[in-house]
Amino acid sequence: MQATVLYGPRDIRFEERPEPAILEPTDAIISLPVTCICGSDLWPYRGADKVDEPTPMGHEYVGVVEQVGNAVQTIEPGQFVVGSFFASDNTCEICRAGYQTHCVQRQPGAATGGQSQLVRIPLADGTLVATPEPPPADLLPSLLAASDVLGTGWFAAVAAAVGPGKTVAVVGDGAVGLLGVLAARQLGANRVIAMSRHEPRQRLAREFGATDIVTERGDDGVARIKELTNGLGAHSVIEAVGTQESMMQAIRATRAGGHVGYVGVAHDVQLPGEELFFSGVHLHGGPAPVRQYLPQLIDLIWRRQIDPGKVFDLTLPLDQAAEGYKAMDERRAIKVLLRP
Ligand SMILES: [Zn+2]
């Protein structure tokens with residue numbers, strides 16, 4: 001089969017790879033009708049994460065079950081399934097508490113790389129959620145978004161304690177931040193302030209329910225959020241970037257007693273202890289337990305209550321994945337859908 005492999009900074013190749021096979025009796029193999037590039041794939045692409053050997057890329061996936069190991073009980077060939085970027089047993093104490101990304105058996109979900117034609121999924125019974133029936137083609141982008149960016153934006157909103165009557169600020173206008181806006185509205189926030197200086201992203205933020213746009217960033221952005229909230233700061237702030245500046249912007253834009261939900265993969269973030277001590281804000285985040293939210297998110301998509309697939313603003317054949325990375329790196333595209 002053919003798949004996308006990262007060799008080093010900005011060196012993405014599309015090449016022949018061995019087809020994945022069942023290695024453990026709890027594995028499944030699925031075929032991928034669509035796949036995509038994640039903002040977090042840009043970290044290794046840009047050289048911010050070191051790549052020691054050619055690495056198959058892609059961790060977001062939906063698809064048709066082709067084959068299962070002989071210990072798999074609930075997932076069957078022919079089903080259409082959605083899973084998350086970490087495989088989990090969904091039975092251990094941590095999973096049952098809703099933290100499947102910290103499962104005691106945690107391992108990469110798309111073990112052999114999701115930007116390909118076929119992928120091996122470990123712990124299939126715990127990891128995969130089947131749709132009620134094979135989905136119509138127009139729901140594929142939204143179901144694929146549920147696999148990571150929607151589930152991550154949703155967790156960020158939950159971690160930021162979003163709810164009715166709250167004012168929410170969102171730092172980061174990538175797919176996760178934009179879907180954090182959508183999640184905040186679904187969870188009942190009456191005011192959602194999207195922080196973005198990029199016109200197409202501002203427009204999408206408004207489509208997803210943002211009520212205000214703030215174009216300033218850093219300390220100026222914090223000052224704007226304070227101005228919009230009677231000098232207090234937002235109740236809930238979603239951090240969806242992962243840099244020192246974005247994290248401090250999130251913490252400083254939050255009122256005392258408020259909550260920051262941080263889901264941008266942290267890169268060289270150093271939190272000042274004294275400032276945190278006196279801020280009085282709650283911090284919660286990390287890799288999102290997308291698996292917890294999949295049944296609910298699939299249901300919302302199935303009933304066409306939400307359309308998170310709108311974050312895909314460029315579609316390319318899988319063999320042009322390199323162009324997709326380039327477009328996202330240069331911020332010409334929010335998120336790229338790839339068709340194998
Ligand atoms: Zn577990």
Side-chain angles (χ1 to χ4, degrees), residues 20-30 32 35 38 40-41 56 58-77 79-114 118-132 143-161 176 179-180 183 187 242 259 261-266 282-301:
I22 300 280
L23 298 184
E24 299 289 334
T26 45
D27 287 348
I29 305 294
I30 68 174
L32 309 170
T35 178
C38 186
S40 66
D41 293 331
H59 55 262
E60 299 156 282
Y61 58 90
V62 297
V64 178
V65 179
E66 298 292 334
Q67 208 187 333
V68 296
N70 55 27
V72 175
Q73 293 181 339
T74 59
I75 295 297
E76 301 168 3
Q79 283 179 325
F80 190 92
V81 291
V82 185
S84 131
F85 47 87
F86 277 130
S88 51
D89 56 26
N90 213 30
T91 55
C92 76
E93 269 189 56
I94 303 296
C95 281
R96 282 185 284 128
Y99 282 81
Q100 288 90 341
T101 38
H102 302 272
C103 174
V104 298
Q105 295 202 63
R106 166 170 101 170
Q107 52 195 293
T112 51
L118 294 164
V119 65
R120 177 173 67 85
I121 313 294
L123 304 172
D125 282 332
T127 305
L128 298 172
V129 178
T131 57
L143 292 167
L144 182 58
S147 170
D148 180 355
V149 282
L150 173 61
T152 296
W154 199 276
F155 169 65
V158 171
V176 171
L179 290 171
L187 292 166
H259 295 72
Y262 59 96
V263 293
V265 182
H282 302 73
L283 297 183
H284 184 40
V290 174
R291 175 63 182 83
Q292 180 194 163
Y293 306 112
L294 281 180
Q296 182 187 358
L297 299 178
I298 291 170
D299 181 60
L300 285 170
I301 293 165

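By convention here, the first residue in the shown sequence is residue 1. Start at 1 and go down the list; that is how both ligands and their atoms are numbered.
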### Message
Does any part of the side chain of P77, heavy atoms only, come nearer than 4.5 Å to the side chain of V68, both counted from C-beta?
### Response
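Sidechains of P77 and V68: in contact.
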
### Message
Between N90 and T127, is there a side-chain heavy-atom distance shorter than 4.5 Å?
### Response
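Not touching, per the 4.5 Å side-chain cut-off.
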
### Query
For the Zn ion (ligand 1), which protein N/O/S atoms are closer than 2.8 Å?
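Listed by chain and number, the nearby protein N, O or S atoms are D89 OD1, C92 SG, C95 SG, C103 SG.
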
### Message
Checking T26 against D125 for the side chain to side chain contact (heavy atoms under 4.5 Å, CB included) test, could you report, in this order, the C-alpha distance in whole Å, the side-chain angles of both residues, the deciding distance, and whether it holds?
### Response
CA-CA 7 Å; T26 45; D125 282 332; over 6 Å; no

Indicate every side-chain donor-acceptor pair of residues 283-297 with a distance under 3.5 Å to a residue at least two apart or in another chain.
from	atom 1	to	atom 2	distance (Å)
H284	NE2	Y99	OH	2.9
R291	NE	G126	O	2.7
Q292	NE2	G98	O	2.9

### Task
Not counting sequence neighbours, list each pair that qualifies as a side-chain hydrogen bond (donor to acceptor under 3.5 Å, both in side chains) and has a residue in residues 146-155.
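The answer is H59-D148, D148-T152.
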
### Task
For residues 101-112, pull every pair meeting side-chain hydrogen bond (donor to acceptor under 3.5 Å, both in side chains), keeping only residues two or more places apart or in separate chains.
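Found D89-Q105.
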
